[in-house]
Amino acid sequence: MLWYVNAAAFRDGNGSREMPFKHINTAAQAAQPGDEVLVAPGIYREYVDPQNGGRDFARITYRSEEPLGAVITGAEEIKTWERYQGNVWVCRIDNGVFGNYNPYTTYVGGDWYFAPLVRHTGAVYLNDRQLYEAETLEECEKGEIWTPSWEREYSVYKWYTEQDGNETVIYANFQGKDPNQEKVEINVRRNCFMPSKTGVDYITFSGFSVNKAATTWAPPAAYQDGMVGPHWSKGWIIEDCEISNSKCVGISLGKYYDPENDHYFTRKHVKSPTQMERDAVCRGQYHGWLKEKVGSHIVRRCHIHHCEQAGIVGRMGCVFSIIEDNHIHHINNMQQLGGAEIAGIKLHAAIDVIFRRNHIHHSTMGIWCDWQAQGTRITQNLLHDNYASEDTPMAQGAMESQDIFIEVGHGPTLIDNNIMLSKAAVRLATQGVACVHNLMLGSFTLVGKGTDMTVEGVNQPRYTPYHIPHRTEVAGFMSILHGDNRIYNNIFIQNWPVRTKEEDISSRTRDNQVVGTEVFEGYPDYEEWIGWFEMDKQPDMGKLEKYHFSHLPVWINGNAYFNGAKSWSKEENRLINETDKAFVELVEKDGKYVVKTNVYELLKDFKTGIINSDILGYAFEPEERYENPDGSSITFDSDYLGEHRGVAALPGPFAKAEAEYAVSLY
């Protein structure tokens, strides 16, 4: 059945073409499996709470009649501004409009939030740009630059809020603009399109523009909300949407509300937040975290930007999903929020999740897979400019920047055929990662570090789960031994000089800055490692104990190094060019991105073999092969563009040697 919605309708109707509903949420109460809700262009200032899910053979589809023509917003326009003094104006809002959730009395904070607890979930928007929240009226009046911002020229636009009886009072510095003549909005709703209950399965959400919701901080051991999301359901498709200007998260594929575990550390203090993450995994099993019930979502062809925590977030509810062909940028650029959950995409337990053909740039981080990255594949993505300028200081609670961060997982995690052009390419506080056919201008960081905690000189290991292959059921827990990595057929270019902390006040390069695989020096190869265990003798538990907690082996071969990038000394087949200057330039024109480079000319006749699942083998702890989610083998005979490699391969993400490559089009 077709249901029709039109905000411009004369009056609320019965959902027919002739008498459409005025509100999407009205249709969301009526739609049944197999139905489609067709939404006419217009602005829909409402929270849509779908009551019914579809079936795998009979989805419920919500579709904008014109691409991005239907706008669902969590904001209301304000035209009652009065001049306060100078550039500052003031408005008063009756608190009745907020219902039981007032964003101007609710602070952003919770577990893993490191910034000061001074920012509200509310926000003021001038012509679709979020203003910077001031802590005092005086700060708002001064309108000075917020130096940690990645967009300093805009940080002079400020707002400040206080309560006066039953009213919310908002002051805003519009820098000479008249807010009653401009488009000025404040967010008033927490979500835009997200079920209030779990288990609302098989919904397609297609072609909408969604913006300006007062979302809350979304850490892994808490309820994770977003402007759009399935809320612990299965089989959603979110496609062809524009998602922008969320206070915290754009799309949430994340965790349900568990009152006994929600923000446990923040509320009770007495248990480590890391322990509460382990509890969340085990409690999730009890609450139905199974492949048959949760996950298997698709997020595709969405334009996600200007969100201040994450473009896409998810803990456990993201499993078995595909995130592809999205353009994600300008995430956390204001630097007013800070903590361990910030990235273009931030997922915990990305089991069998595929990230492919995404374009992520100008974000604090590109893709962050934290805990339980198992069967995860990050492929054919373009990542660049995910770092601040060297003169930008870090705000309190801010995170280091890199294109990809894999943290405390046991693998297998596969990073292949990506273009990574930021100062730090891959942060490897983990094990069980294969990097194959990538182009990296930045370094590996946190190799052998960042997984445990040292408390008063005593190491406290961070035990993390691993799972039955291609399932959510927990197979075991183990600390991170480091290593168990495969680095094949990549191109490494030292694009930036190594800087001291004094030279780079952004402090976002606190670790290794030397590009290449030299950072794995001291790790054993397989023959050395297996020799420790004396496989031809009866095992001696005491003698072998130290080896059970030593670094795992690494496999490194077929890589090319330029401009001073350094190689692991045991790499047998490699190209090191110390004479020619390699360059890579990303050029954008009219939305089309082109990579210009001379590196393939400098490779000359250097070629390597074709890598496949059998060569990569099995990740150590879960004993799971590097393979597709259905268990089939992967042969890396297709490149970043899908071109065929043939019987031998050039290192890097391209099969053919060219001077220019069209890499992205939006």
Side-chain angles (χ1 to χ4, degrees), residues 56 198-199 201-202 219-224 230-236 252-258 260-262 264 274-298 313-323 346-355 369-377 406-414 430-434 451 461-481 484 613 617-634:
D56 57 352
T198 62
D201 302 334
Y202 296 109
Y223 170 60
Q224 295 181 303
H231 190 189
W232 203 250
S233 301
K234 183 175 181 179
W236 276 44
S252 173
L253 306 178
K255 190 177 174 292
Y256 62 100
Y257 175 65
D258 178 356
E260 296 180 34
N261 188 253
D262 198 73
Y264 187 104
T274 300
Q275 178 60 27
M276 301 324 298
E277 288 202 44
R278 284 185 284 268
D279 285 4
V281 173
C282 296
R283 292 178 65 82
Q285 306 261 267
Y286 175 74
H287 290 133
W289 185 40
L290 294 169
K291 187 173 187 177
E292 291 74 20
K293 293 185 176 181
V294 177
S296 297
H297 307 299
I298 299 173
V313 85
R315 172 70 188 274
M316 301 194 297
C318 60
V319 290
F320 314 113
S321 293
I322 298 173
I323 300 174
K346 172 66 191 285
L347 301 187
H348 284 74
I351 298 172
D352 281 4
V353 173
I354 298 173
F355 307 81
C369 293
D370 200 352
W371 288 56
Q372 305 152 273
Q374 182 171 329
T376 309
R377 187 174 184 185
I406 312 298
E407 184 176 8
V408 291
H410 299 280
T413 299
L414 177 57
T430 192
Q431 66 186 47
V433 174
T451 57
R462 184 155 43 151
Y463 288 89
T464 57
Y466 53 94
H467 300 264
I468 302 297
H470 310 299
R471 300 287 305 178
T472 57
E473 290 88 344
V474 173
F477 288 81
M478 186 55 189
S479 59
I480 303 301
L481 303 178
D484 194 28
S613 291
Y618 291 74
F620 175 76
E621 209 66 67
E623 300 184 17
E624 179 179 336
R625 194 172 71 138
Y626 287 86
E627 61 190 13
N628 288 311
D630 63 2
S632 61
S633 297
I634 302 172

Exercise for the section: Any chance you could measure K234, atom NZ, to T198, atom OG1, to the nearest 0.5 Å? Expected result: 14.5 Å

Practice task
Tell me, with the steps shown, if R377 and I634 meet side chain to side chain contact (heavy atoms under 4.5 Å, CB included).
Solution key: CA-CA 11 Å; R377 187 174 184 185; I634 302 172; 3.8 Å; yes

Problem - S233 side-chain N/O to G199 backbone N/O, donor-acceptor pair under 3.5 Å - result: yes

Practice task
Apply side chain to side chain contact (heavy atoms under 4.5 Å, CB included) to the pair K255 and H231, showing each step before the final yes or no.
Solution key: CA-CA 7 Å; K255 190 177 174 292; H231 190 189; over 6 Å; no

Exercise for the section: Look at the aromatic rings of W232 and Y256 and report parallel, tilted or perpendicular, splitting at 30° and 60°. Expected result: tilted

Practice task
Kindly compute the distance separating CD (E473) from CD1 (I468), expressed to the nearest 0.5 Å.
Solution key: 7.0 Å

Problem - NZ or CZ of K291 within 45° of F320 ring axis and under 6.0 Å - result: yes

Practice task
Ignoring hydrogens and angles, state whether a donor on the side chain of T464 or H410 is under 3.5 Å from an acceptor on the partner side chain.
Solution key: yes

Problem - Any residue meeting ring-ring contact (aromatic ring centres under 6.0 Å, His included) with F620, in chain and number order, not counting sequence neighbours - result: W529

Problem - Spatial distance of atom CD1 (I322) from atom OG (S296) [nearest 0.5 Å] - result: 9.0 Å

Exercise for the section: Determine the minimum heavy-atom distance between S479 and P461, stating which atoms define it. Expected result: CB-CB, 3.8 Å

Contacts table for residues 347-355: side-chain donor-acceptor under 3.5 angstrom, sequence neighbours left out:
residue, atom, partner, partner atom, Å
H348, NE2, D370, OD2, 3.2
D352, OD1, H470, ND1, 3.2
D352, OD2, H470, ND1, 2.8

Problem - Worked verdict on D279 versus N261 for side chain to side chain contact (heavy atoms under 4.5 Å, CB included) - result: CA-CA 8 Å; D279 285 4; N261 188 253; 3.8 Å; yes

Problem - Step-by-step side chain to side chain contact (heavy atoms under 4.5 Å, CB included) determination, T413 to Q374 - result: CA-CA 6 Å; T413 299; Q374 182 171 329; over 6 Å; no

Exercise for the section: Hey, could you give me the CD1/CG distance between I298 and L253, rounded to the nearest 0.5 Å? Expected result: 11.5 Å

Problem - Atom pair CG (D56) and OH (Y202), whose distance is rounded to the nearest 0.5 Å - result: 4.5 Å

Practice task
Please say whether more than 12 non-hydrogen atoms of neighbouring residues, nucleotides or ligands are located less than 6.0 Å from CD in E260.
Solution key: no

Practice task
May I ask you to decide whether R471 forms a salt bridge with E624, counting only side-chain N to carboxylate O separations under 4.0 Å?
Solution key: no

Exercise for the section: Using atom types as modelled and distance alone, determine if a side-chain donor or acceptor of S633 lies under 3.5 Å from a backbone N or O of S613. Expected result: no

Problem - Q285 side chain vs T472 backbone, donor-acceptor pair below 3.5 Å - result: yes

Completion exercise
Distance col, row Y618:OH vs R625:CZ, nearest 0.5 angstrom, shows 5.5 Å

Practice task
Could you tell me whether R278 sits above the aromatic face of W371, with NZ or CZ closer than 6.0 angstrom to the six-membered ring centre and within 45 degrees of the axis?
Solution key: no

